Amino acid sequence: MTNRWRNNLELCEVSEASIIMSDSVSSRGRHAVRILTEEIERRTGIRVPVSDSVPVDQRPIISITMIHSQVSPGGSTYSTSPAYGQEGYRIQISHSSTRRLIEIESADDRGMLLVLESC
């Protein structure tokens, strides 16, 4: 294994991570996150805690946010962001001197479902 691959694997190591959900995540998005955490636990035996605030320790964080969305009369969310468009999402992985961060942003409910299915 090359050093580059080893570094990338270390960057994505999340066995000690916490999931932080912003208030902007809809109820459908929260349901998708719950399914994701259940799948992680079922497949790996690792229970990833979900919170709405950043932990004080330096554990890795998976930050989940819905941006620029509106609620339709039917109760689902849809994108108002030209950067993402409908069903759009972004995943960004970074590392600072203090912790690893995986940022997941989605434009709407469908984008949240798509991004979490890809994880």
Side-chain angles (χ1 to χ4, degrees):
M1 181 182 301
T2 66
N3 283 340
R4 181 174 177 217
W5 277 102
R6 188 174 294 112
N7 290 341
N8 286 341
L9 289 174
E10 288 173 8
L11 189 60
C12 292
E13 170 58 45
V14 293
S15 61
E16 302 276 324
S18 291
I19 294 176
I20 308 301
M21 267 194 297
S22 75
D23 291 339
S24 63
V25 178
S26 69
S27 61
R28 289 181 183 175
R30 290 179 183 276
H31 181 73
V33 170
R34 193 189 78 212
I35 291 171
L36 173 67
T37 59
E38 290 170 357
E39 273 302 298
I40 291 170
E41 186 173 11
R42 185 181 71 77
R43 294 179 186 194
T44 67
I46 297 170
R47 181 141 174 75
V48 181
V50 178
S51 177
D52 57 0
S53 61
V54 176
V56 292
D57 59 12
Q58 297 305 311
R59 72 178 57 215
I61 294 175
I62 302 169
S63 170
I64 300 178
T65 308
M66 289 180 85
I67 58 164
H68 305 292
S69 58
Q70 299 285 329
V71 178
S72 72
S76 62
T77 62
Y78 63 93
S79 174
T80 59
S81 169
Y84 291 100
Q86 291 183 341
E87 302 178 4
Y89 61 86
R90 177 181 75 94
I91 302 173
Q92 180 172 327
I93 302 170
S94 60
H95 187 271
S96 71
S97 61
T98 57
R99 75 169 80 216
R100 287 183 299 269
L101 174 63
I102 299 174
E103 294 176 278
I104 299 173
E105 294 180 344
S106 73
D108 50 30
D109 287 330
R110 192 82 178 119
M112 181 65 69
L113 183 61
L114 293 170
V115 71
L116 294 179
E117 281 180 348
S118 70
C119 291

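Everything quoted here is computed from the prediction, not taken from an experiment.
Ile91 is connected to Val25 through a chain of hydrophobic side-chain contacts under 4.5 Å among Ile, Leu, Val, Met, Phe, Trp and Tyr, so both are in one cluster. In the hydrophobic clustering of this structure, Leu113 does not group with Ile104; members are Ile, Leu, Val, Met, Phe, Trp, Tyr whose side-chain heavy atoms approach within less than 4.5 Å, directly or through other members. Residues Leu114 and Ile35 do not share a hydrophobic cluster, clusters being chains of Ile/Leu/Val/Met/Phe/Trp/Tyr side chains in contact below 4.5 Å.
Put simply, CD on Glu105 and CZ on Arg90 are 4.0 Å apart, with the number rounded to the nearest 0.5 Å. Taken from CD1 in Ile46 to CD in Glu41, the straight-line distance is 10.0 Å, to the nearest 0.5 Å. The CD atom of Glu103 sits 12.0 Å away from the CD1 atom of Ile62 when rounded to the nearest 0.5 Å. The line from OG1 of Thr98 to CD of Gln58 is 5.0 Å long, rounded to the nearest 0.5 Å.
A donor-acceptor pair is defined here as one N or O able to donate and one able to accept, closer than 3.5 Å; no such pair exists between the side chain of Arg100 and the backbone of His95. Within the 3.5 Å criterion, the main-chain N or O of Ile67 finds no donor-acceptor partner in the side chain of Thr65. Not one N or O on the side chain of Thr37 forms a donor-acceptor pair closer than 3.5 Å with the backbone of Val48.
Partners of Glu38 according to the side chain to side chain contact (heavy atoms under 4.5 Å, CB included) rule, which considers only residues two or more places apart in sequence or in another chain, are Arg34.
Side-chain contact check for Pro55 versus Ile61: some heavy-atom pair is nearer than 4.5 Å. Two residues are said to be in side-chain contact when any heavy atoms from C-beta on lie closer than 4.5 Å; Leu101 and Ser63 meet this criterion.
Across Ile20 and Asp52, no two heavy atoms sit closer than the pair CG2-C, 4.1 Å. The nearest pair of heavy atoms linking Arg110 to Glu87 is CG-CG, 3.2 Å. Taking both residues in full, the closest heavy atoms of Gly29 and Asp109 are given as N-OD1, 4.0 Å, listed atom of the first, atom of the second, then distance. The minimum heavy-atom distance between Asp108 and Met66, with the atom names listed, is C-CE, 3.0 Å.
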Checking side-chain contact (heavy atoms from CB on, under 4.5 Å) for the pair Met112/Arg28: CA distance, chi angles, key distance, verdict? CA-CA 9 Å; Met112 181 65 69; Arg28 289 181 183 175; over 6 Å; no
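Around atom CG of Asp57, more than 12 heavy atoms belonging to other residues, nucleotides or ligands sit under 6.0 Å away. The neighbour count for Glu16 CD, taken as heavy atoms of other residues, nucleotides or ligands under 6.0 Å away, does not exceed 12.
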